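For clarity, every value in this text was computed on a predicted model and none was experimentally measured. These values consider heavy atoms only, across backbone and side chains, with no hydrogens, waters or symmetry-generated copies.
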Amino acid sequence: MAEPALLAVAHGTRDPAGPAAVRELLARIRALRPGLRVAEAYGELSRPSLEEAAAGLRGGPVVVVPLLLARGYHALVDIPVRAGRLLPGAVTSRPLGPDPLLAGALAARLAEQTPDPPTRDPRTRIPPRPDTVVLGAAGSADPAGTADVRAAARLLARRLRRPVPYGFVAAGGPRLDEVVAGLRADGARRVAVASYLLAPGRFHDRMAACGADAVTAPLGAHDAAARLVLRRYDEARLRLAAPAPVC
């Protein structure tokens, strides 16, 4: 059987910077695995739509990878159902997160935004306090999505070796701006938000307005994100090769 095509389906945004970031990520995936056919698609708002991209992939095996960081309606229902209708026999992978690879990418984005302070304050001989870090996510009405973000915050906390609360800018709670305000009320001197988003758009704009001192760039075309997409592809393609159960 020919190697399945990878159909990467992002959420979509009206901000042109969003699809540009997705295309950079897909270019990185192609560089990591030359010869793999990688197609771009969006669930809504951006083009090509899932339907438009699927039209060019009929006739061969396809693995659909939702470029989403947590479970929810789009990852569990919308994308698999639409892809199954358009591409009979295609399989859809689980979403990208939570995963330690993403925690590493988030830590790298934080390092870009908030460089390490000096190891010691010469006036007090006490190491300076690091930033207070909050994981900022879009949010989901699905409890499974909230659980995934909570798990992602734990993975980042383990990576940074400090507590990492989380907050949302869209559905669900706790609200990111309220988390940031609460940390300041508790004495945090500098608050940095680790953006748990794949690409720019209105959710990232809301994070930038949450009152934090620094907000990282979205994960974008980070090498860890590209490798994770390929890992989800490889996990799902095993189901294409699995024999049918014997009745």
Side-chain angles (χ1 to χ4, degrees), residues 1-14 18-19 21-23 25-26 29-30 33 36-99 101-102 137-152 168 170-172 196-199 201 203 218-219 225-245 247:
M1 184 175 66
E3 184 175 43
L6 191 167
L7 176 57
V9 186
H11 183 279
T13 174
R14 291 186 176 88
V22 170
R23 289 177 193 125
L25 174 61
L26 300 187
I29 291 166
R30 294 183 183 101
R33 192 167 296 184
L36 176 63
R37 185 179 184 186
V38 180
E40 168 192 7
Y42 300 90
E44 57 185 54
L45 301 176
S46 303
R47 297 185 67 180
S49 67
L50 177 52
E51 286 72 17
E52 290 169 335
L57 296 174
R58 295 193 180 103
V62 178
V63 172
V64 181
V65 179
L67 299 184
L68 303 171
L69 301 179
R71 290 171 291 175
Y73 170 74
H74 291 293
L76 300 179
V77 179
D78 180 44
I79 292 174
V81 169
R82 289 164 66 188
R85 184 179 66 247
L86 297 162
L87 298 165
V91 296
T92 300
S93 79
R94 61 191 176 106
L96 302 182
D99 193 274
L101 279 173
L102 294 178
S140 173
D142 189 327
T146 301
D148 284 349
V149 172
R150 189 181 304 118
F168 299 128
Y196 197 51
L197 299 171
L198 195 67
F203 292 153
L219 292 164
R227 288 188 286 123
L228 185 55
V229 172
L230 288 171
R231 178 181 294 179
R232 294 291 181 259
Y233 166 85
D234 289 334
E235 292 169 349
R237 70 180 293 187
L238 295 177
R239 287 186 274 135
L240 280 174
C247 299

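Distance check, rounded to the nearest 0.5 Å: CG of D99 to CG of L228 gives 4.5 Å. The distance from atom CZ of R85 to atom CG of L50, rounded to the nearest 0.5 Å, is 8.5 Å. Of the inter-residue distances, the one linking I29 atom CD1 with Y233 atom OH reads 11.5 Å to the nearest 0.5 angstrom. Note that the OG atom of S140 and the CG atom of L69 stand 12.0 Å from one another [nearest 0.5 Å]. Note that CG of D142 and CG of D148 are 8.5 Å apart. Values are rounded to the nearest 0.5 Å. Note that the CG atom of L219 and the CG atom of L67 stand 11.5 Å from one another [nearest 0.5 Å].
Contact annotation: the side chain of S49 never approaches that of Y42 to less than 4.5 Å [non-hydrogen atoms, C-beta and beyond]. Side-chain contact between R33 and L6 is absent, with no heavy atoms from C-beta onward closer than 4.5 Å. In this structure, the side chains of P19 and T13 come closer than 4.5 Å at one or more pairs of heavy atoms. Counting heavy atoms from C-beta outward, D234 and R237 have side chains that approach closer than 4.5 Å.
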Would V38 and V229 satisfy side chain to side chain contact (heavy atoms under 4.5 Å, CB included), going step by step from the backbone distance to the final call? CA-CA 11 Å; V38 180; V229 172; over 6 Å; no
Can you list the steps and then say if L87 with L7 is a side chain to side chain contact (heavy atoms under 4.5 Å, CB included)? CA-CA 11 Å; L87 298 165; L7 176 57; 4.0 Å; yes
Check against side chain to side chain contact (heavy atoms under 4.5 Å, CB included), V65 and L96: CA-CA 8 Å; V65 179; L96 302 182; 4.1 Å; yes
Test side chain to side chain contact (heavy atoms under 4.5 Å, CB included) on R231 and R227; report intermediate values, then the result. CA-CA 6 Å; R231 178 181 294 179; R227 288 188 286 123; 5.6 Å; no
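By the 30° and 60° cut-offs, the orientation of the rings of H11 relative to F203 is tilted.
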Please report, to 0.1 Å, the donor-acceptor pairs under 3.5 Å made by any side chain of residues 53-63, with sequence neighbours excluded.
| unit_1 | atom_1 | unit_2 | atom_2 | d |
| --- | --- | --- | --- | --- |
| R58 | NE | L86 | O | 3.4 |

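Of all heavy-atom pairs spanning P48 and E40, the tightest one is CG-O, 3.1 Å.
A donor-acceptor distance shorter than 3.5 angstrom exists from the side chain of R239 to the backbone of T92, with no hydrogens or angles considered. The main-chain N or O of P4 is never found under 3.5 Å from a side-chain atom of R37 such that the two would form a donor-acceptor pair.
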